[in-house]
Every structure is written in structure tokens, then in C-alpha cells.
Protein chains: 2
Amino acid sequence: MKNSCSEEEKILFQLNEIYKQMSPKFERCTGISQSRLELLHKLFEVDEISQTALQKEVNIDSAAVTRHLKQLELKEMVTRRKNPDDNRFTFVKLTDEGREKIASFRSEKEEFIRKVLKDFSEQEQTKLSNMLHRIQNNIEEIQY
Amino acid sequence: MKNSCSEEEKILFQLNEIYKQMSPKFERCTGISQSRLELLHKLFEVDEISQTALQKEVNIDSAAVTRHLKQLELKEMVTRRKNPDDNRFTFVKLTDEGREKIASFRSEKEEFIRKVLKDFSEQEQTKLSNMLHRIQNNIEEIQY
DNA sequence: AGTCAACGATTGACCCATCAAACAATTGAA
DNA sequence: TTCAATTGTTTGATGGGTCAATCGTTGACT
């Protein structure tokens with residue numbers, strides 16, 4: 001075993017810090033929260049989709065999805081309607097204005113991403129991505 | 001410019017997912033939240049410390065620090081007293097029971113960390129840590 | 001001495017996430 | 001057919017975080 005895992009500990013700490021520092025800056029730079037933008041991105045790709053399908057894509061709690069969508073509906077970014085074939089489902093769809101607004105969020109986001117990964121070569125990015133992927137797999141294997 | 005930054009985007013996405021997946025598992029495995037354990041760790045190292053000093057170490061909002069410490073005080077993990085030389089400051093200190101409990105949290109945490117970084121050689125860990133550090137620096141430079 | 005600015009801590013309002021419970025609609029089996 | 005289980009959505013309670021406003025204390029300046 002290694003020396004009481006100080007290097008390992010540091011990495012976990014860093015991952016945490018990165019999230020904590022990046023997340024609020026992302027919101028300030030792009031003008032929208034990450035979760036909400038993810039929701040909109042999915043909607044952008046698919047025309048119309050049911051809430052649960054959306055929830056599975058974005059991987060946040062269905063209660064949270066409901067609340068986000070209600071707010072987005074108020075802002076007229078999104079419309080919702082029941083599936084006429086099965087009234088349990090509700091379909092969600094971007095409005096035209098919503099679709100337009102996303103484009104601007106998108107460019108803000110891309111600029112933000114570029115800043116975060118400044119000075120990373122493509123090779124480095126691939127290496128990093130692979131390592132992160134391995135970490136994700138390790139986490140999945142952990143039994144709670 | 002790269003191809004609409006899909007690889008870069010993926011990395012940001014991964015960092016996010018890792019946090020979202022790791023954080024709740026950490027809590028379930030160790031029995032305590034990351035922030036709270038960080039607070040306790042600092043207290044473990046320093047005997048007695050003022051709240052603002054603690055807040056700066058842990059890098060969460062002072063309002064959150066106050067609320068955590070109040071709860072930890074209720075659970076008798078921690079004691080608080082005013083600095084007699086300057087009543088604005090409050091000093092925080094682990095109780096003896098608190099100190100004991102942390103030991104067990106610690107070993108749970110170390111086991112968790114080991115699982116997350118399973119199959120990472122020391123060399124890989126160093127590489128990863130360096131890259132994460134560069135990302136942190138990049139984030140710091142971003143103007144909100 | 002009196003006043004004002006600065007500072008640490010606290011509180012309230014808000015956002016976002018979770019879980020668990022409730023609800024409505026559908027399905028399927030006795 | 002009826003009733004129980006399942007499914008998608010919603011709501012309420014709770015926990016964690018932020019910011020802004022407030023309070024009490026201190027220190028410095030006149």
C-alpha cells in the first residue's frame with residue numbers, strides 16, 4: 001500500500017475543487033446553469049421527447065427535471081403536452097424562441113470550454129479523457 | 001480551431017459526471033458528506049482554529065461553515081468558544097469523541113479513494129494530478 | 001470620547017439536488 | 001371485470017450551497 005494515499009487523496013480533492021470552482025463560473029459566463037443547459041441541448045437534438053427519456057439522458061433526478069421544465073415553460077423556452085396515446089407521459093419540445101436562444105448559449109459555452117482546456121494538446125486531451133473514463137468505471141463498480 | 005470542440009466538451013462533461021456520481025457514493029460509503037469531513041480533517045490537524053481561518057482552508061461559504069459547525073456542535077463532535085481577546089472571532093475545536101470518530105471516517109475514506117483510483121500507477125497519478133492542476137489554473141484565470 | 005469603517009459571524013431568501021410519498025393512468029392477471 | 005402492480009409525473013421534506021443584509025465587536029481617526 002502507498003504512503004497513506006496522499007497523492008491519491010490529492011486527486012480526489014482536485015476533482016472536487018475543479019467542480020466547485022468551475023460550476024459557478026460556468027453559470028456566470030454562459031448565463032445558465034449546467035444542468036439546465038444540458039436539458040436544453042438534449043431537447044435541441046431531438047425535437048420532442050418524453051420527460052423520463054430526457055431524465056435518463058441527463059442523469060438528474062426526475063423531480064429536478066420536472067421543476068426545471070416548469071420554469072423553462074414559464075420562460076416560454078419549452079412547451080409540454082401529454083402523450084395522447086398514454087396520458088402518463090408528457091412530451092417536451094423547444095419553442096422557436098428557445099431554439100434561437102440556445103445558439104447564443106452554445107457559443108458562450110464553447111468559449112468557456114476552450115478557456116478551461118487552454119494549452120492542452122489534442123493528445124493530452126485524449127489521455128486525460130481516457131483516464132477520466134477509467135475513473136468513471138471505477139466509481140460505477142463501487143457498491144454503496 | 002478544433003472540430004466544434006467535441007473532445008473538449010466531453011472532458012468537461014466527464015468532470016461533471018464524475019463529481020455527480022462520486023459525491024453521493026462517497027457519502028454513503030463513509031457516512032458523512034465531503035464538505036463536513038473536510039472541515040473535520042482540518043480541525044483534526046490544528047487543535048483550535050477560528051471559523052474564518054477554517055473557512056478559507058475549506059473554501060466554502062462562511063454561511064455554510066456556520067451551519068455545519070452548529071450541527072456538529074449539536075452532535076458533540078465539536079466545541080466553540082469566543083476568542084477572549086477579540087469577541088468577534090469564535091474558535092472551534094474537536095471534542096475527544098469527535099477526534100475518535102474521525103479515525104473511523106478516515107479509514108472508510110481511504111478505502112473509497114483506493115477504489116476510485118484502482119489500477120492507476122503512481123506515474124499515471126502524477127500525470128493526472130498535473131493535468132488537473134493545469135485545469136485549475138485555467139479556471140482561475142477566467143474572468144466572470 | 002465619539003464616530004465610522006472594517007471585520008467575523010449569523011440569518012434570511014433563494015437555487016439546485018435528492019428521496020420518499022402521493023397521484024393519475026395504464027396494464028395485466030385472477 | 002375488477003383489482004393489484006407498474007409506470008410517469010408531481011409534491012413535500014430535507015440538505016447543501018450561494019449572496020446579501022444584519023449584528024456585535026474592534027480599531028482608528030478627529
Side-chain angles (χ1 to χ4, degrees), chain A residues 16-40 48-75 78-93 144, chain B residues 16-40 48-75 78-93 144:
Chain A
N16 232 294
E17 287 299 297
I18 286 176
Y19 177 84
K20 286 204 293 186
Q21 289 159 17
M22 187 164 61
S23 180
K25 274 199 177 167
F26 182 90
E27 285 197 34
R28 280 196 294 263
C29 290
T30 62
I32 192 171
S33 83
Q34 280 169 303
S35 309
R36 202 163 284 192
L37 189 51
E38 260 187 76
L39 281 171
L40 293 174
E48 198 170 37
I49 188 175
S50 85
Q51 283 195 196
T52 35
L54 188 54
Q55 183 264 318
K56 275 165 197 150
E57 294 264 7
V58 171
N59 200 30
I60 63 178
D61 191 273
S62 58
V65 171
T66 294
R67 288 174 180 127
H68 276 303
L69 291 177
K70 278 190 171 182
Q71 300 217 72
L72 290 171
E73 202 179 19
L74 274 182
K75 290 186 192 167
V78 134
T79 54
R80 298 195 297 159
R81 67 182 182 101
K82 293 251 173 211
N83 178 352
D85 296 336
D86 185 339
N87 277 296
R88 287 172 302 182
F89 290 78
T90 79
F91 284 152
V92 195
K93 192 180 159 123
Y144 61 107
Chain B
N16 232 293
E17 287 298 296
I18 285 175
Y19 177 84
K20 286 204 293 185
Q21 288 158 18
M22 188 163 61
S23 179
K25 275 199 177 166
F26 182 91
E27 286 196 36
R28 280 196 294 262
C29 290
T30 62
I32 193 171
S33 84
Q34 280 169 303
S35 310
R36 201 163 283 193
L37 189 51
E38 259 186 76
L39 282 171
L40 293 174
E48 199 170 36
I49 189 175
S50 84
Q51 283 194 196
T52 35
L54 187 55
Q55 184 263 319
K56 275 166 197 149
E57 294 265 5
V58 171
N59 200 31
I60 62 179
D61 192 273
S62 59
V65 171
T66 295
R67 288 173 179 128
H68 277 302
L69 290 177
K70 280 192 169 180
Q71 299 216 73
L72 290 171
E73 202 178 20
L74 275 182
K75 291 187 193 168
V78 134
T79 56
R80 298 195 300 158
R81 68 183 182 99
K82 294 245 172 219
N83 178 352
D85 296 336
D86 186 339
N87 277 298
R88 286 173 301 181
F89 290 77
T90 79
F91 284 152
V92 196
K93 192 181 159 123
Y144 62 106

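In what follows, every chain begins at residue 1, and chains take the letters A, B, ... in the order their sequences are listed.
- Heavy-atom minimum distance, B:Q51 versus B:V92: CG-CG2, 3.7 Å.
- Proximity note for B:N87 (side chain, C-beta onward) versus D:dT9, C:dT18, D:dT25: the nearest is D:dT25.
- In this model, the phosphate group of D:dT25 is not approached by any side-chain N or O of B:K82 to a distance below 4.0 Å at OP1 or OP2.
- When each of B:D86 and B:S35 is assigned the nucleotide of DNA chain D bearing its nearest heavy atom, the one mapping closer to the 5' terminus is B:S35.
- The CZ atom of B:R67 sits 11 Å away from the C1' atom of C:dA9 (whole-angstrom rounding).
- Annotation: A:K20, atom NZ; neighbour count of heavy atoms from other residues, nucleotides and ligands within 6.0 Å is above 12.
- Look at CG on B:N83: it is 13 Å from C1' on C:dA9, rounded to the nearest Å.
- The side chain of A:D61 has C:dT18 as its nearest neighbour among C:dT18, C:dA25, C:dA17.
- Set against D:dT9, C:dA20, D:dT18, the side chain of A:A63 has C:dA20 as its closest nucleotide.
- A salt bridge (Lys or Arg N to Asp or Glu O under 4.0 Å) with B:E73 holds for exactly one of B:K93, B:R81, B:R80; it is B:R80.
- What separates CD of A:Q21 from C1' of D:dT18 is a distance of 15 Å, to the nearest Å.
- Atom CD in A:E73 sits roughly 13 Å away from atom P in D:dT9 (whole-Å rounding).
- Separating the CE atom of A:M22 from the C1' atom of D:dT18 is a distance of 18 Å, rounded to the nearest angstrom.
- In terms of heavy atoms, A:I49 sits closest to A:L54 at CD1-N, 3.8 Å.
- Checking D:dG17, C:dG8, C:dG12 against the side-chain heavy atoms of B:H68 singles out D:dG17 as nearest.
- Across all non-hydrogen atoms, the minimal contact from A:F26 to A:S33 is CE2-C, 4.3 Å.
- Phosphate contact (OP1/OP2 of D:dG15, side-chain N/O of B:R36, threshold under 4.0 Å): absent.
- Within 4.0 Å of A:K20, counting heavy atoms only, lies no atom of the nucleic acid at all.
- Candidate nucleotides D:dG16, C:dC16, D:dG12 were compared by shortest atom distance to the side chain of A:S33, and C:dC16 ranks first.
- For the pair B:K25 NZ and C:dC19 C1', the interatomic distance rounds to 17 Å; values are reported in whole Å.
- The phosphate of C:dA9 has neither OP1 nor OP2 within less than 4.0 Å of any side-chain N or O from B:T66.
- When every heavy atom of B:K82 is checked against every heavy atom of B:N87, the shortest pair comes out as CD-O, 3.2 Å.
- Using a 4.0 Å heavy-atom distance criterion, A:T52 is classed as a sugar-phosphate-only contact.
- Distances were taken from every side-chain heavy atom of B:R88 (C-beta onward) to each of D:dT10, D:dG16, C:dG8; the shortest belongs to C:dG8.
- Under 4.0 angstrom from either OP1 or OP2 of C:dA9 there lies at least one side-chain N or O belonging to B:T90.
- Atom pair A:Q71:CD and D:dT10:P shows a separation of 13 Å (rounding to whole Å applied).
- Closest approach to the B:I60 side chain among D:dT10, C:dG8, D:dG17 is made by D:dG17 (side chain taken as heavy atoms from C-beta onward).
- One interatomic measurement links the two molecules: OH of B:Y19 to P of D:dG16, which rounds to 11 Å at whole-angstrom precision.
- Look at B:Q55 and you won't find any side-chain N or O under 4.0 angstrom from OP1 or OP2 of C:dA9.
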